Structures are given as C-alpha cells and as structure tokens.
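Remarks on the structure that follows.
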Amino acid sequence: MSVVKATKEEKKKKETGEEEEEISEDLDLKVKKYLRGGAANFDDLKDKKLKGQLSHREFLYGASAKAAAKYEKWLMPSEGGYLEADGPVEKTWRIKQEDIRREVDISSSRNQHDVILPEFSPYTLDFTSNGQYMAAAGRKGHLAIVDMKNMIPRREIQVGETVRDVVFLQDQSFFAAAQKKYTYIYGQEGIEAHCLKDQGAVLKLQFLKNHFLLASINKFGQLHYEDVSMGAMVGNIRTGLGRTDVMQVNPYNAVVALGHSGGTVTMWKPTSSAPLVKMLCHHGPVSALAFHPNGHLMATAGKEKKIKLWDLRKFEVLQTLPGHAKTLDFSQRGLLACGIGSFVQVLSDFSGTQNYSRYMNHSMVKGYKISNLLFRPYEDVLGIGHSMGWSSILIPGSGEPNFDSWVANPFETRKQRGEKEVHLLLDKLPPETIMLDPTKIGTVKTARKKEKLTKKEVEAEMEATVEAVKDSINMKKKTKGRSKPSKKLKKRQEIIAKAKRPFLEQQMQDGQLSIKKQKVSEEVELPKSLQRFARKKAAT
Amino acid sequence: MKVKTISRSTDEFTRERSNDLQRVFRNYDPNLRPQEKAVEYVRALNAAKLEKIFGRPFVGAMEHNEAISCMAKNPNHLKGIFAGSEDGDIRLWDITSRRTVRKFPGHRGAVRGLTATTDGSRLVSCGADCIIRRWTVPVEDSSEDSVKPEDFHISKNAYWGVDHQWKGDQFATVGAQVDIWNHTSNAPVRSFQWGTDTVISVRFNPGHPDLLATSASDRSITLYDIKMTVPIKKLIMQTKTNSIAWNPMEPMNFTAANEDGNCYSYDLRKLNEATMVHTDHAAAVMDIDYSPTGREFVTGSYDRTVRIFRYNGGHSREIYHTSRMQRVFCVKFSCDASYVISGSDDYNLRLWKAMASEQLGVLLPREKKRHEYDEALKNRYKHLPEVKRILRHRHLPLPIYKAAALRRTMTESARKKEEKRKAHSAPGSISTKPLRKRRIVKEVE
C-alpha cells in the first residue's frame, strides 16, 4: 500500500514538474517578445566597474520582461476571438455572416449592419485609434462622424463638393477632409476650422499620430507633410513619379509608402527629398498597399492579379497569392482583408507563421462596389465602404482583445480624452525621428570610414577655409614705423599660407606618390631601343 | 463551428460610482507602442528641460555681524546648526525658520573651531583668543536667550580647530600642537607634536573612534591614534591642505581640500597615491564636508563658489554662486542630505538645496514615481548631444569661466609639450607621473 502511494506521489510530482516545465517554456516564448532584442555581450569589456553596472542593468531588463510575460499570461482581462470549423469537412471560409450572427451574443451582432446611402456614392471610412468613432465621407460631399458605441451619427454635414478622403486627427475632436480643391479641417461639431491651401487637390490623406503630421498626396504626385499642432509645413516633396492614389503609413516607423503605376513602391520621410527605399513590386501598377502593425510585413496588390507579401527587413517576397484587390488592410492581430468588386476575402496566418491562407469570405449584394476596407481597432469588426453606403461585418479573431488605457481607451471619459491630448502633445516627436529602423535612436553611431574627397571638393574646402581666415584677420596697429603696408601684406600672406598648409601637405602626400608611380611605369614600359625617346628631365 | 468575438461589457470596464477611481487596464505588448524609443528620447529631453526650469537651489540666508569662520552640526538635531564668526559671536540657528535660537557670547577674538558632542548636549568652541570654552546646549523650551559657558581653559597659543570623537567623550584641539581633552579634566590628556608648524585642522574618523587626521601648515596631513603615544603616518604634499573630511560610509577614505584648488581623496591604508583627484575650483578650497550618504561631498572655495562633487567623480556635479556671496570659508552638508549650508566672508550663512531641482516637502506617490521615471530617462539618454547640452549647462560667473578656460589651455599646452618631448626622445626615457601621485612630495612614517 505504502509503495503504491509513493509511486502515485512520484507521478504527481512528475506531472507537476512537467507542467511547470511547460509553463516555463510558454513563458520563455512570451518573455522573448518583451525583451526587445538579444542581451548584450560583455566579453570584450575590460572595465570591471562598467561590466558590473551593465550586467546589473541586463538583469533588470530580464526581470521586467518576465514580469510583463507573467502579467500577459495570468492577468489580462480578455482573450481574443476565434472561429473554428468542426471536423475536416467544414471550412471556415464557407461560413457566412448570418451563421456567425446566430452563434454570437446580441451586443456583437449589433456590429453587423449595412447603412445604405445611395445618393452620396462611394464611401471612405476612418476610425479613431480607440475604435469608438468612425468618420465616413461620401464622394458626393457627405461627411459624417458616427459614435460606434450607440451607432448614432454625431454630426453630419454636406459640403457640396467632391470629398476624396477623410481622416481623423489625434482623436475625434478634429478630422480632415480632402475636398475638390483644398483640404479642410473640421472640429467635432462639424465647423470648418482650417482650409489648407498649400496642398492643392489632395487624393489621399494619412495622419502620423505620434508626430502630429498630416501627410497628403495630391494630383501632381507631390507629397506634403503638415504639422497640425503648429500649422507649419514640414516637408513638400515632389516625388517625380506621377499621379498615384495608393498611400499608406507604416505604423512601426511612421514612414509613408506610395504605390506607383510603374509597379514600384517608394518609402518617404519628411526630411529628405529622395525616397528611403524604392522597390519594384509588380509588373503592372500597384493597386493597394497595407502594413502589418509589427512593421515587418507589407502586402501589395498589383493590377496583374497578384497579391504579394513582403518581408521589410530583407525586402524579399514571402508569399505570392493569386487574387485581385482594390483595397487591402491588416488587422491588429495580423489578418489581411482584400476587397475587390463586391467580394471581401480575409486571409490569416494561423499560429503566427506568416504563411497566409484563406480564413473567411464575404460577398455583398452584386451592385455594391467596395472602395475602402478598414478593420476597427480593438474589435472583431471589419468596416467596408462601398458605392451604396457602408457596412460592417464580424471577423472573429481580428481585433486586439486587451487594450492599454494609456495607449487607447475605448471607454474614455471626456476628462481622460483631454488629458490624453495634452500628453500626446508633450510627447510629440520631431519629424527628424522618422527613420526606417526606429530602434536606432540612442544607439552608438558606427564610425563611417572617411571617404576620399574628390579634387574639386578638396579645393572647395581649401578656398572656404582661406575665405574664413581672411575674414577673421585683425591686424594690430603698431607704432614707430612697424606697421608699414609691406609688412602688413607679408603678415597677411603668412596667415593665409598657414591656413592652407594642412591641405597642401595632404595633397603632397597623395600627389607625390602618384607622380612617382607614373615615372616608374613609364620607364619600364618602353623597350630598350626606344629608351632614348623617353621623357627626360631638362637637366642636361 | 465554434465562434467567439470580442464583446466587452461596459460595467466591467468602467467605474461603478462617481467617487471610485477610474479603472486602468494595461497591455505591455511592444506592438501597441510604435516608435517607443523616440518617445522616450523626447520625454528625456523634456525632463532635462524641466530640471533646468525648476533648478532654484538657494533657499535663504542667515546673517551674522562679522565674517563666519566655522560651523558645527549636531548629529542629533536636524534643524539646528552652530556658527561662529570672526568677532567671537557663536549662534545656534534654526534652519527651518532661519532665526537665531541661542547665542553663546564669550569669545573675544575670532572663533576658529566649533564642535558638538555626539549626543548633542554639549558644545565646545575654541578661538584665536587662546581659550577653549565648553557650553551646555540648552533644551528647546528654556527661556534664556544667551547661554553662559560651563567651563573654559586658557592656553599660551591660539587654537585653530577642534573636533569631537564620534563615539566617546574626548575631543581634540589643534593649534601649536594636537591636544586631546576629556570633558572632566582641566588639562589635555595627551599631546602630540610632529614638526614645529601650526596644525590647522582636525577631524576624527567616523568608523574608528580613536583615529584622527590633521593638516598642518608644512603642507602635511598626519594621522594619529589617540591611544598610541606616537603619530601613525604623515603625508607631505606640494601645497597646504585647508580641511579634511572622512567619508562616513567608507571610513577608510578621506578627502583633503587643498590650497591648489583640488581635492584629493586618499585611502588611509595606501597614502602614496590619491584614489581620486577632484578638480574644478579656480582658487583654494577652504572647507569640505561629506554627505551622510557618503556619495557626495560639498566644498567651499576662496573663489566665491560652492561646489558639490560625487565621491568618485573628477569634476563637480553642481556649482552654486551668487554675486552677494564672497569668499566661502566653511561648508556643511545637512544631516538629511538635502541641504548644503555655506558660511562666507559677507557675514552670511546661506542655505542651498543639495539637488537644485528637487521638489521639497511630502511628495504624492504619483509625483515620486514621475520623478523616478524622469531620472531614469535622463540617465539613459544623457550621452545624446541635445540632452547632454541641457544637463551640463550652468551659468558661471565671468571670473570662474575665464579661470576654467585658462586652466584648460594651460593643461592642454603642458600636455602637448610633454607629448612632443616624449616623441622626440628615446622611448622610455621620459615618464610622466600620474596626477594622483604628482602632488605628493613624500610619505613619512
């Protein structure tokens, strides 16, 4: 009896031991996400004090990453949505919205609806960052802000001219509409606050939240950055690649990507007039572009009926899918929605392997042409703007279930919204911080090898220093005949020669060597009989 | 099929009553925070700017009738400080209200040294009128304004300094020689003398109650043990040491304030080399005192400035100056490490904050957290040029600025000359002594 009991206890211990191992493995995976890169290597450090301080810091990093991983595992309030098919026969992409509606609770089924407004034609949508307000712009001039909690339109205005795009500024209190000739900024009561004339006829608008920059692309292919907190233009770049209306912002590094009719995708930052990256993506024009929230994955759709998934670290194609897409969007959890005609296809990478396959389909009424697809943040909802109004359908598993109150709070009160705006302004990033790799800020700059300047550049530098020295010469007035003009001139020439000396020395070091080499080679090349004709010094 | 969508019920995520706190939910996922390093950098920049905006170190001044020559702090009472001036006026000041609590009249010449016993019950003062006086420090409530001395001793030579043991009831006075006294005796218990020059300052070791260090006008620093009959060690430098302070947290280290504007930290076990040379003052350093944390010390100098150094830092962390403050003759760090008191030539005792931008008073937990966050941010980004420029910036009075620039050019040219000499002579024939050894002449047992 006692022997049996003992073995049972051992088994229990083993089980708990295994469970503990599993838990720790699970935690390790999660910890990796929070570590933000690998640990530093201290083997080359000889300074013991510094080594001790840095290894203590590394220990603290590890401890905070572990705490965050444990919090994620045990204390997060909600778990994400999912859609699973029963058995091998049923496929998730055959499941219709009506079937989902039947299985899901009432508050979620409210999120499935169609709003039909045929007079104002194709609608463009935008959501605030917490998913609580939606801006809808009809091409024929209808602007509406809808409160998504109660599905009530807060404000509706008819501007009477073409509206091509609408975008919320930092929160629901301001939005910008790209109208026929200029861009207008409206307050939340629908009152026109600003008219931005510099930008011209804008085709697409995007807002960079952390930088308070409104990026716009106009009919002539000019990319314009406007700082909306100060009302100043930050950059106006002539792309030189023609008219395009495919523009997206990479949320990871705030870089604006444009898709052009030649099949190229270019990436821009406001402080440089040349693109950061220019990649040839498709054989035909690029019709749509979307970025994954982690910043490493980009989906592009071309008119040659291909959808390509790119790895942005290596700039390589990860996957090519057959399909047509007039509009693309990534959800917070990495689901990709493609829309063409009246058909929406949602692709998902199961278990985060970055291998996308069909997840869900939705076909709308035949006459509805989809113009704009947008996932709603923190909800399992996809908003569709089409030619007869807008709809929203349920896509389980697309939204991030756990929000952070200090990043975006769907249950914001008025006071919290005001405080958040102040904090956003205090933390407003300068436009110089936009770069392809945002983790480089604060790291050590690798010393570039000094490139050899061309002759012209060297001469220009020399002249510049000489000019500077000439300006700064202050001749002291000397008495008793010591300040004669000839002496002054001599002194002046001395100072200028002194300024020129380092350049001349450098030239001599490079120059003489090359002259010597030339001489040697010349003498060697000629055969002996012809040596008499070699260039001789005029010594004789 | 199994379906589940995100559905949040409002009551789970909002507060129940209006007097509840708002609910906060966290998700530490880095994907939710794009460009987090840039945001941190901007916050660090803002924190550095705020530090400069709130950097108002001067708290108040307390005035005497003559230049202040010495100060003593009472380790048992945070609020009070004793200060003695050149006309023999000794006062006990209440720092919080900056008013005189008690006066100790009696000295006829300059008061050269003040010290309080460890339990704070007695004060010992010595002066240029060759008299040592002992006073009982009165209890708070007693009504007398001025205190009569308990006892006094007259001698032949003027006294230059006095210090009391940290643990024990003996105190040492210095002048012509080093005398050790007891509270009960009428004559010194023991006397030490090494050489014929005046001994100008004395300090007892906080860790070892019988160990003391003195500095004399023959440019030496001497270590004594009062239980032994002969002194332990002597270190002769190139210039005179005006004052010595022991590190209360590391009692084997002491820092000497020297006449050449530098402070030299020594380990008493190894006196042939300074552990650290703290440079920054433009003229002689007159007084030095350590913070009770042992991590910082404050120095007052003849160049009208007060500087705060880190215990292992070669350059000062902070400099305090006012156009009204003339030559600083004594400085003390308050016992809670938040204030610095300087006594100077212009008859004033000045109270400064040790951390210039510190928020004093009781902090709410959120304020505390925010201050800690700002400190961590500044630490992480302090090497970046914009942040560094703001953190480093101090307004210096013109003579100090010029003196620093002059010293820089002098050391730079001396270094270049040395380099060229070495480059043009046989390798190994010229060897430079490190700065830590250069100023020491010799060590004597």
Side-chain angles (χ1 to χ4, degrees), chain A residues 33-34 36 68 71-72 76-86 90 92 95 99-100 103-105 107-108 111 210 251-254 293-295 332 378-380 394 396-397 399-411 413 416 426-430 433-434 438-442, chain B residues 1-16 18 20-47 49-50 275-276 311-313 366 369-370 373-374 376-388:
Chain A
K33 176 166 74 157
Y34 293 104
R36 293 165 168 90
Y71 181 88
E72 184 191 330
M76 295 283 223
S78 354
E79 282 177 4
Y82 54 81
L83 173 66
E84 279 165 29
D86 292 329
E90 196 186 4
T92 51
I95 298 173
D99 305 329
I100 295 177
E103 304 280 326
V104 145
D105 57 325
S107 51
S108 294
N111 281 327
N210 291 334
Y252 177 66
N253 53 14
N294 70 7
Q332 275 176 327
Y378 303 107
E379 293 283 341
D380 278 338
L394 287 178
E400 172 65 54
N402 299 303
F403 60 87
D404 190 320
S405 308
W406 293 338
V407 170
N409 190 351
F411 298 97
T413 61
Q416 283 177 335
L426 281 174
D427 293 340
K428 182 182 92 160
L429 300 177
T433 51
I434 297 176
T439 55
K440 268 209 287 192
I441 292 177
Chain B
M1 94 184 132
K2 289 192 258 240
V3 191
K4 182 181 173 284
T5 53
I6 297 172
S7 64
R8 298 193 190 97
S9 65
T10 330
D11 14 302
E12 257 185 60
F13 290 89
T14 49
R15 61 182 180 181
E16 285 176 31
S18 60
D20 275 349
L21 291 174
Q22 295 282 5
R23 289 195 196 182
V24 171
F25 298 91
R26 301 306 311 274
N27 183 349
Y28 297 104
D29 192 0
N31 282 337
L32 289 181
R33 296 165 172 79
Q35 298 120 44
E36 52 189 359
K37 281 208 110 177
V39 171
E40 262 188 2
Y41 168 72
V42 166
R43 286 182 182 167
L45 204 57
N46 287 340
K49 290 177 187 173
L50 280 178
T275 57
M276 195 79 210
Y311 80 112
N312 58 356
R366 281 199 197 183
K369 259 196 166 176
R370 179 58 194 272
Y373 180 56
D374 282 349
L377 279 174
K378 278 182 281 185
N379 250 333
R380 192 185 259 202
Y381 290 95
K382 66 184 174 215
H383 60 284
L384 288 179
E386 279 188 36
V387 182
K388 188 167 151 188

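In what follows, chains are A, B, ... by sequence order, proteins preceding strands, each numbered from 1. Fair warning: this is a prediction, and the values are worked out from it, not measured in the lab.
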Take A/L83 and B/M1 through the side chain to side chain contact (heavy atoms under 4.5 Å, CB included) test and state the conclusion after the steps.
CA-CA 7 Å; A/L83 173 66; B/M1 94 184 132; 4.2 Å; yes
Per-residue tally against chain B (heavy atom, under 4.5 Å) across A/P401, A/G397, A/P293 peaks at A/P401
For chain B, which of A/Y378, A/F411, A/Y82 has the most heavy-atom pairs under 4.5 Å?
A/Y82
Below 4.5 Å, heavy atoms only, C-beta onward: do [X] and [Y] meet side chain to side chain?
X	Y	value
A/N210	B/P34	yes
A/P396	B/K4	no
A/L429	B/Q35	yes

Please classify the contact of [X] with chain A as side chain, backbone, both or neither, using a heavy-atom distance under 4.5 Å.
X	value
B/R23	backbone
B/Q22	side chain
B/E40	neither
B/Y381	side chain
B/L32	both

Aromatic ring proximity A/Y71/B/Y28, centre distance under 6.0 Å
yes
Might you work through the side chain to side chain contact (heavy atoms under 4.5 Å, CB included) test for A/S78 and B/F25, ending with a clear yes or no?
CA-CA 11 Å; A/S78 354; B/F25 298 91; over 6 Å; no
Output the option from [options] having the highest count of non-hydrogen pairs under 4.5 Å with chain A.
options	value
B/K37, B/R43, B/R33, B/R26	B/R26
B/D29, B/T14, B/N31	B/D29
B/T10, B/L384, B/V24	B/V24

With a 4.5 angstrom heavy-atom cut-off, is it the side chain or the backbone of [X] that approaches chain B, or both, or neither?
X	result
A/E400	both
A/K440	neither
A/P77	side chain
A/D99	both
A/T92	neither
A/E90	side chain
A/N253	backbone

Run the salt bridge (charged side-chain N to carboxylate O under 4.0 Å, His left out) test against A/E84 and tell me which residues pass, sequence neighbours left out.
B/K2
The reported gap from CG in B/L45 to CG in A/D427 (rounded to nearest 0.5 angstrom) is 11.5 Å
Gap between atom CZ of B/R8 and atom CZ of A/F403 - 0.5 Å precision:
5.5 Å
Pair B/T5, A/S108: side-chain N/O donor-acceptor within cut-off below 3.5 Å:
yes
Donor-acceptor under 3.5 Å (A/N402 side chain, B/N27 main chain)
no
Counting only heavy atoms not in A/R36, do more than 12 sit closer than 6.0 Å to its CZ atom?
yes
Looking at residues at least two apart in the chain, or sitting in another chain, which of them share a side-chain hydrogen bond (donor to acceptor under 3.5 Å, both in side chains) with A/T439?
A/D437
Closest approach of B/A38 to A/I441 (non-hydrogen atoms, all atoms of both residues)
CB-CD1, 3.5 Å
